[in-house]
Amino acid sequence: MSTAESAEIFDRGYRAYDGPRTGVQSSMRAVFVATVQRALGLRRKFRYKIVPLATILIAYVPALVFLGITALLPSEIAGQVVAEYAGYFELITVMMLLLTAFVVPEVMGSDRKTGLFGLYMASPLSRWSYLGAKFVGVMAVLSLVTTMPSVFQMAGYSLLGIGPDGFVEILKTLFKIVVSGLILSIFFALFGMAASTLTNRHLFASAGIVMTTIATTGFTEAIIENTDSPAWVELFSVFQVPLELIVRVWGSSDEFPGITGVSTIASFGAWAGACVLFAGIILFGYRRMEVTK
């Protein structure tokens, strides 16, 4: 007789769970941690870490270059060649797009593809608390590109004596950096989550994010160059919407004047309208999504 055939069951009793019941907050915390870990490739093979970690590190390269240049120059000249903060956010938008395209579909689509989403729904989580935890987790990862490089840049400028002058100015600059980082993080997090809601295939969602960005940018540039279109047409570009609002946060300059003829209210309206559109796609998609518990 085989081992399987000779197996015996000695106890068929049932014992209820008597451990701690931490509720929705603990479940949301677990989703948040799992999102960050998967986005960064933690506890996974090395190949899953390459893209997110390389993208994040590259976002710091411009700051290192600017700091190196200013450290080698006399302080009188260095103060004239430092990069503006609004310009730094423009430099990292490509890294932001790559991180969004590769990370967000991975952390959103994998739960549905593997059936983990159904397990989450069997917990105290609702669809909306699940999405909230996912959103915060995605934003936390994206902030490593949107906010931290500029904080590093400000700290380096301060050490070199060409940064904000005084504690109050440092707080003002830090506040603007955080606001600008949130503008980018919220926009691209919702954009990536919306694209990932439409398909379970990571490659399709990633391609959709990149192609939508390229198409809208090319479309607006073609219209502006070939027609007598109003200035607000530029706000149809996925890249331009958050960047234009960031320019308004820092104030226009000769290097980054902003779109002439577009008010700050219109710029904020375009950003908020795009975010509402993306959020609507996410909520509608997950509301209709079937779950097997």
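A quick note: this is a predicted structure, and the numbers were derived from the prediction, not measured. If you read the sequence from its start, that first residue is 1, and numbering goes on from there.
Taking CG of Leu116 as the reference point, atom OG of Ser110 lies at 7.5 Å (rounded to 0.5 Å). Here the CZ atom belonging to Arg112 is positioned 13.5 Å from the OH atom belonging to Tyr120, to the nearest 0.5 angstrom. Rounding to the nearest 0.5 Å gives a distance of 10.5 Å between CG of Asn200 and CG of Asp111. Here the straight-line distance linking atom CD1 of Ile177 with atom OG of Ser150 works out to 5.0 Å at 0.5 Å rounding. Rounding to the nearest 0.5 Å gives a distance of 10.5 Å between OH of Tyr130 and OG of Ser123. Taking OG from Ser196 and CZ from Arg201, the interatomic distance works out to 14.5 Å, rounded to the nearest 0.5 Å.
Tyr48 and Phe102 are not part of a single hydrophobic cluster, where members link through side-chain heavy atoms under 4.5 Å apart. No path of Ile, Leu, Val, Met, Phe, Trp and Tyr side chains, each step under 4.5 Å between heavy atoms, connects Phe135 with Leu277, placing them in separate hydrophobic clusters. Note on Ile183 and Val276: separate hydrophobic clusters, where clusters join Ile, Leu, Val, Met, Phe, Trp and Tyr whose side-chain heavy atoms are under 4.5 Å apart, directly or indirectly. Linking ILVMFWY side-chain heavy atoms closer than 4.5 Å, directly or via other members, places Trp128 and Ile282 in a single hydrophobic cluster. Under the 4.5 Å side-chain heavy-atom criterion for ILVMFWY residues, a single connected hydrophobic cluster contains both Val179 and Phe188.
Side-chain contact check for Val262 versus Glu234: every heavy-atom pair is 4.5 Å or farther apart. At a threshold of 4.5 Å between non-hydrogen side-chain atoms, the residues Ile56 and Leu40 count as touching. Inter-residue side-chain proximity for Leu67 and Phe152 is flagged as met; some heavy-atom pair is nearer than 4.5 Å. For the pair Met108 and Tyr286, the minimum side-chain heavy-atom distance is below 4.5 Å. Using a 4.5 Å heavy-atom threshold, the side chains of Ser180 and Thr146 count as separate.
With sequence neighbours excluded, the residues forming a side-chain hydrogen bond (donor to acceptor under 3.5 Å, both in side chains) with Ser26 are Thr22, listed by chain and number.
For OH of Tyr60, the number of neighbouring non-hydrogen atoms (other residues, nucleotides, ligands) closer than 6.0 Å is greater than 12. Residue Lys49 places its NZ atom among more than 12 non-hydrogen atoms of other residues, nucleotides or ligands, all under 6.0 Å distant. Other residues, nucleotides and ligands place no more than 12 heavy atoms under 6.0 Å from the CE atom of Met211. Within a 6.0 Å sphere centred on CZ of Phe239, heavy atoms belonging to other residues, nucleotides or ligands number more than 12.
In plain terms, the two heavy atoms of Pro62 and Leu91 that are nearest each other are CB-CD1, 4.1 Å. When all heavy atoms of Thr220 and Val233 are compared, the pair lying nearest together is CG2-O, 3.4 Å. The shortest non-hydrogen separation linking Val141 to Ala39 is CG2-CB, 3.8 Å. The two residues Pro149 and Ala59 make their nearest non-hydrogen contact at CB-O, 3.8 Å. Nearest heavy atom pair, residue Leu174 against residue Met154, reads N-SD, 4.0 Å. Between Ala195 and Ile209, the shortest heavy-atom contact is CB-CG1, 3.6 Å.
For Ser126 and Ser129, the side-chain atoms include at least one donor-acceptor pair closer than 3.5 Å.
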Given Ser237 and Thr216, is the side-chain hydrogen bond (donor to acceptor under 3.5 Å, both in side chains) satisfied, shown in steps?
CA-CA 5 Å; Ser237 169; Thr216 55; 4.6 Å; no
Side chain to side chain contact (heavy atoms under 4.5 Å, CB included) for Leu235 and Trp271? Distances and angles first, verdict last.
CA-CA 9 Å; Leu235 294 176; Trp271 177 84; over 6 Å; no
Side chain to side chain contact (heavy atoms under 4.5 Å, CB included) assessment of Ile186 paired with Cys275:
CA-CA 8 Å; Ile186 292 172; Cys275 290; 4.1 Å; yes
Derivation and outcome, side-chain hydrogen bond (donor to acceptor under 3.5 Å, both in side chains), residues Thr264 and Ser267:
CA-CA 5 Å; Thr264 300; Ser267 178; over 6 Å; no
Mind running side chain to side chain contact (heavy atoms under 4.5 Å, CB included) on Val103 and Val138 for me, showing each step along the way?
CA-CA 8 Å; Val103 166; Val138 169; over 6 Å; no
Going through the distances and angles, do Thr217 and Gln240 end up as a side chain to side chain contact (heavy atoms under 4.5 Å, CB included)?
CA-CA 8 Å; Thr217 302; Gln240 192 63 41; over 6 Å; no
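Counting only residues at least two apart or in different chains, side chain to side chain donor-acceptor pair (under 3.5 Å) contacts with residues 97-107 comprise Arg38-Glu106, Arg44-Glu106, Glu106-His202.
Judged by distance alone, with hydrogens and angles left aside, the side-chain atoms of Ser206 form a donor-acceptor pair with the main-chain N or O of Ala101 at under 3.5 Å. Side-chain atoms of Thr93 never come within 3.5 Å of backbone atoms of Met96 as a donor-acceptor pair (strictly under, hydrogens ignored).
The aromatic rings of Phe187 and Phe278 lie perpendicular to each other, with more than 60° between the two planes, well past the 30° mark.
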